[in-house]
Amino acid sequence: MIRDLVSALDYSSFAELALALFVVAFCTMTYGTLRLSQKATDRFASIPLSDEVEDPRP
């Protein structure tokens, strides 16, 4: 039964679905990054140089 199910699947549609999910995730991350304020960007940039652990988001 599982063999029949797996053999009936069209894997080319999964590749297109994965590409679409990647594009949506990439666009969401880019939009979120562009919406950051200058203050938040500066705090994110200072994380590797800081010894203190703090949440960079206000």
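Just so you know, these numbers come straight off a predicted model, no measurement behind them. Keep in mind that the numbers below use all heavy atoms, side chains included, and drop hydrogens, waters and symmetry copies.
With sequence neighbours left out, Ser7 forms a side-chain contact (heavy atoms from CB on, under 4.5 Å) with no residue at all.
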Taking only distance into account, with no hydrogens and no angle test, what donor-acceptor pairs under 3.5 Å do side-chain atoms of residues 23-30 form with protein atoms, sequence neighbours excluded?
{"unit_1": "Thr28", "atom_1": "OG1", "unit_2": "Val24", "atom_2": "O", "d": "2.7"}
{"unit_1": "Thr30", "atom_1": "OG1", "unit_2": "Phe26", "atom_2": "O", "d": "2.8"}

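Other cluster members for Leu21: Leu17, joined by side-chain heavy-atom distances under 4.5 Å among Ile, Leu, Val, Met, Phe, Trp and Tyr.
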